[in-house]
Amino acid sequence: MTTFTTGAGTLTRDALAVLQPGFTGTTAPDWVRRRLAEGLVSVALFGRNVADPEQVTALTAQLRAERDDLLVAIDEEAGDVTRLEVRTGSSFPGNHALGAVDDPALTRRVARELGRRLAACGVNLNWAPSADVNANPDNPVIGVRSFGRDPALVARHTAAYVEGLQSNGVAACTKHFPGHGDTSVDSHHALPQIDLDATTLHERELRPFRAAIEAGTRAVMTAHIRVPVLDPDRPATLSPRILTGLLREELGYDGLIVTDGMEMGAVAGTYGLEHGVVLAIAAGADAICVGGGLADEDTVLRLQDALVTAVRSGELPEERLADAAARVRSLAAWTTGMRRPSAAADDPAPEIGLTAARRAVTVTRAAGPAPVTDPVYVATFSPAPNIAVGDETPWGVGTELERLLPGTATGHFTGPDAGTEALRAAGGRRVVAVVRDEHRHPWMGAALDTLISAGPDTVVVEMGVPQSAPRGAVHIATHGAARVCGVAAAEAVLAG
């Protein structure tokens with residue numbers, strides 16, 4: 001029989017404290033405000049909660065009227081994964097572009113300005129940066145979210161990002177531990193497995209996380225991946241060997257451990273949501289991210305009850321739940337007590353994103369292409385977006401080229417006949433072909449073959465990972481599809 005040292009009310013408050021739920025709407029729902037009064041410490045914002053910065057500021061103020069030490073989390077990686085600018089595209093390039101420039105001071109300045117904007121909106125926990133090493137070019141979910149394939153480069157930029165973000169009082173949440181870069185499966189849908197030896201794990205995958213810990217990252221997010229060299233049975237999120245043995249004890253990390261979204265298929269589809277949450281806390285996780293898909297009061301109550309029941313049955317040690325809740329409250333207290341400095345006077349912060357995007361552009365020119373001076377046809381070849389990026393955020397160069405070259409027309413194409421359809425739509429005009437990860441999509445490569453064969457003056461803009469060899473009269477690699485990357489690419493089209 002289990003003997004409890006705390007009352008039922010404390011146990012329920014601890015169970016609520018470890019949840020980081022989402023909700024629907026652009027104002028604070030009554031159920032969220034009630035749960036904050038009952039012990040909920042965190043909420044998570046997604047694109048559906050964002051209209052503009054002023055609305056987000058009002059929303060977080062509503063929430064803090066119920067609890068002033070509230071953690072407001074967001075998945076704002078910038079670049080391709082943006083929530084604060086989900087309707088327009090990000091004002092900052094993502095990790096891959098920053099890695100291509102390889103100026104840690106620039107990365108620090110970009111993260112500092114991003115942190116300033118988040119803090120101004122009342123957001124104080126950012127599920128970023130991605131510290132994943134892009135070891136597998138066919139990775140369907142990381143790609144441009146990674147700083148690159150070199151572990152040393154990823155490590156120095158991860159540390160710079162953490163320092164910049166946290167200098168403005170926004171806690172960094174470095175992800176996806178112990179490294180999601182060498183997967184070929186999207187963990188939103190299924191459970192990936194990374195087969196590597198211990199040496200590769202420590203020298204490649206873990207190096208950026210060690211750098212983040214040394215830089216003082218306040219949170220680390222787990223990956224829903226199986227790493228047999230560490231634990232042949234359970235994914236990292238549910239593995240005591242990985243979260244407690246490796247992250248806590250071997251790497252010496254003492255901050256908050258946050259799970260990736262628990263309704264993702266890799267966990268919920270295998271273990272069930274409620275059981276997965278109990279296993280995660282028991283393994284050493286402190287905060288449960290849920291709400292990307294399940295964003296309702298019933299989900300919160302089911303998870304709260306699952307944790308309380310697990311403690312009462314002896315499946316989950318009471319002390320482990322209390323420790324997790326205390327770590328959440330400790331991070332909330334840190335964010336509340338942080339002084340938020342403004343950007344340095346000599347740092348042109350509002351333009352830093354565009355400056356970084358311009359520096360990230362790589363241009364390869366064939367011999368003697370004519371410069372682009374007349375209106376063009378912009379053919380954008382759109383792959384299916386992954387869940388992390390979503391399908392709400394616009395991307396490409398069409399809008400900016402329409403502004404710079406009045407009379408320019410645009411179209412979007414996909415599938416095996418995309419090249420033929422784009423050529424027909426262009427009607428003899430010079431084509432600017434925009435792709436995203438050509439190397440991962442054979443149909444996209446075939447479309448470029450068709451366009452370049454018919455028009456050797458075709459300009460190619462690659463807005464994903466530039467893994468394929470440059471081709472076309474001019475090849476422009478932006479290393480990401482943020483709005484500012486599109487601006488920088490359009491400028492390069494005209495300069496070419």
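When all heavy atoms of L40 and L19 are compared, the pair lying nearest together is CD1-O, 3.7 Å. Closest approach of P93 to G353, counting heavy atoms only: CD-O, 3.3 Å. Residues A219 and V258 share a closest heavy-atom pair of CB-CG2, 4.3 Å. Across all non-hydrogen atoms, the minimal contact from D233 to R226 is O-NE, 3.6 Å. Of all heavy-atom pairs spanning Q62 and A28, the tightest one is OE1-N, 3.0 Å. Taking both residues in full, the closest heavy atoms of T478 and M463 are given as OG1-CA, 3.2 Å, listed atom of the first, atom of the second, then distance.
Looking only at distances, no side-chain donor or acceptor of Q20 sits under 3.5 Å from a matching main-chain atom of V290. In this structure a side-chain-to-backbone donor-acceptor pair under 3.5 Å is present from D80 to A481. Within the 3.5 Å criterion, the main-chain N or O of C121 finds no donor-acceptor partner in the side chain of E54. Under a 3.5 Å cut-off, the side chain of E263 and the backbone N or O of A268 do not form any donor-acceptor pair. A donor-acceptor pair under 3.5 Å links the side-chain atoms of T158 to the main chain of V154, judged by distance alone. Looking at D69, its side chain never comes within 3.5 Å of a backbone N or O of A333 through a donor-acceptor pair. Under a 3.5 Å cut-off, the side chain of R64 and the backbone N or O of G122 do form a donor-acceptor pair. Under a 3.5 Å cut-off, the side chain of S167 and the backbone N or O of G164 do form a donor-acceptor pair. N126 contributes no side-chain N or O that, together with a main-chain N or O of A172, makes up a donor-acceptor pair within less than 3.5 Å. A distance-only check finds a donor-acceptor pair linking the side chain of E462 to the backbone of D437 [under 3.5 Å].
Taking the charged nitrogens against the carboxylate oxygens, R156 and D102 do have a contact shorter than 4.0 Å, which makes a salt bridge. Ion pairing between a basic and an acidic side chain is recognised when a charged N comes within 4.0 Å of a carboxylate O; E113 and R109 show no such pairing. A salt bridge links D286 with R320: the distance from a Lys NZ or Arg NE/NH1/NH2 to an Asp or Glu carboxylate oxygen falls below 4.0 Å. Between K175 and E77 a salt bridge is recorded (basic side-chain N to carboxylate O distance below 4.0 Å).
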Item to check | Trace of the salt bridge (charged side-chain N to carboxylate O under 4.0 Å, His left out) decision for R327 with D254 | outcome: CA-CA 9 Å; R327 289 180 185 275; D254 194 42; 3.2 Å; yes
Checklist entry - So V229 and D197, side chain to side chain contact (heavy atoms under 4.5 Å, CB included) or not? Walk me through it. => result CA-CA 6 Å; V229 72; D197 57 40; 5.5 Å; no
Checklist entry - Is there a side chain to side chain contact (heavy atoms under 4.5 Å, CB included) between N49 and I74 once you walk through the steps? => result CA-CA 10 Å; N49 305 118; I74 199 167; over 6 Å; no
Next on the checklist: Could you walk me through whether V220 and L247 satisfy the side chain to side chain contact (heavy atoms under 4.5 Å, CB included) test, starting with their C-alpha distance in whole Å, then the side-chain angles of each, then the deciding distance to 0.1 Å, before giving a yes or no?
Outcome noted: CA-CA 9 Å; V220 168; L247 183 54; 4.1 Å; yes
Checklist entry - Run the salt bridge (charged side-chain N to carboxylate O under 4.0 Å, His left out) check on E76 and R83 step by step: do they pass? => result CA-CA 6 Å; E76 183 56 55; R83 308 302 178 223; over 6 Å; no
Checklist entry - So L279 and R234, side chain to side chain contact (heavy atoms under 4.5 Å, CB included) or not? Walk me through it. => result CA-CA 10 Å; L279 290 175; R234 289 187 177 179; 3.6 Å; yes
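Taking the six-membered ring where tryptophan is involved, the planes of F177 and F209 are perpendicular, since the angle between them exceeds 60° and thus also 30°.
Using a 4.5 Å heavy-atom threshold, the side chains of V278 and Y271 count as separate. Residues H475 and V363 form no side-chain contact, since every pair of their non-hydrogen atoms from C-beta on lies 4.5 Å or further apart. Looking at V32 and L63, their side chains come closer than 4.5 Å, going by heavy atoms from C-beta outward. In this structure, L70 and S42 have side chains that are not in contact, with every pair of non-hydrogen atoms separated by 4.5 Å or more. For the pair T380 and V435, the minimum side-chain heavy-atom distance is 4.5 Å or more. Residues P21 and T299 have side chains not in contact (no heavy-atom distance under 4.5 Å, counting atoms from C-beta outward). The side-chain heavy atoms of I257 and R248, taken from C-beta on, include a pair separated by under 4.5 Å. L230 is listed as a side-chain neighbour of P178, based on a closest heavy-atom distance under 4.5 Å.
Atom-to-atom distance recorded for L45:CG and L59:CG is 5.5 Å, nearest 0.5 angstrom. Taken from NE2 in H202 to CG in L251, the straight-line distance is 7.5 Å, to the nearest 0.5 Å. Here I142 contributes atom CD1 and H96 contributes atom NE2; the two are 12.5 Å apart, rounded to the nearest 0.5 Å. A distance of 12.0 Å separates CH2 of W334 from CG of L256, quoted to the nearest 0.5 Å. Note that CG of L238 and CE of M262 are 5.5 Å apart. Values are rounded to the nearest 0.5 Å. Atom OH of Y161 sits about 4.5 Å away from atom CG of L114, to the nearest 0.5 Å.
Looking only at atom types and distance, the side chain of E85 has a donor-acceptor partner in the side chain of S91 under 3.5 Å away. Side chain to side chain, Q193 and D195 meet the donor-acceptor criterion of an N or O pair below 3.5 Å. A donor and an acceptor atom, one from each side chain of N124 and T335, are located under 3.5 Å apart. For the residue pair T222/T259, the side-chain donor-acceptor check at 3.5 Å is not satisfied. Counting only N and O atoms by type, the side chains of R145 and S130 include no donor and acceptor under 3.5 Å apart. Between the side chains of H157 and N95, no donor-acceptor pair of N or O atoms lies under 3.5 Å. Looking at T82 and S90, their side chains never bring a donor and an acceptor atom within 3.5 Å of each other.
The number of heavy atoms from other shown groups lying within 6.0 Å of CZ (R33) is above 12.
Listed by chain and number, the residues in a salt bridge (charged side-chain N to carboxylate O under 4.0 Å, His left out) with E38 are R35 (sequence neighbours excluded). Residues passing the side-chain contact (heavy atoms from CB on, under 4.5 Å) test with V487, sequence neighbours excluded: L354, E400, E491.
R436 forms a cation-pi arrangement with W395, by the criterion of a distance under 6.0 Å to the ring centre and an angle within 45° of the ring axis.
Residue pairs meeting the ring-ring contact (aromatic ring centres under 6.0 Å, His included) criterion with at least one partner in residues 53-77, sequence neighbours excluded, do not occur; the list is empty.
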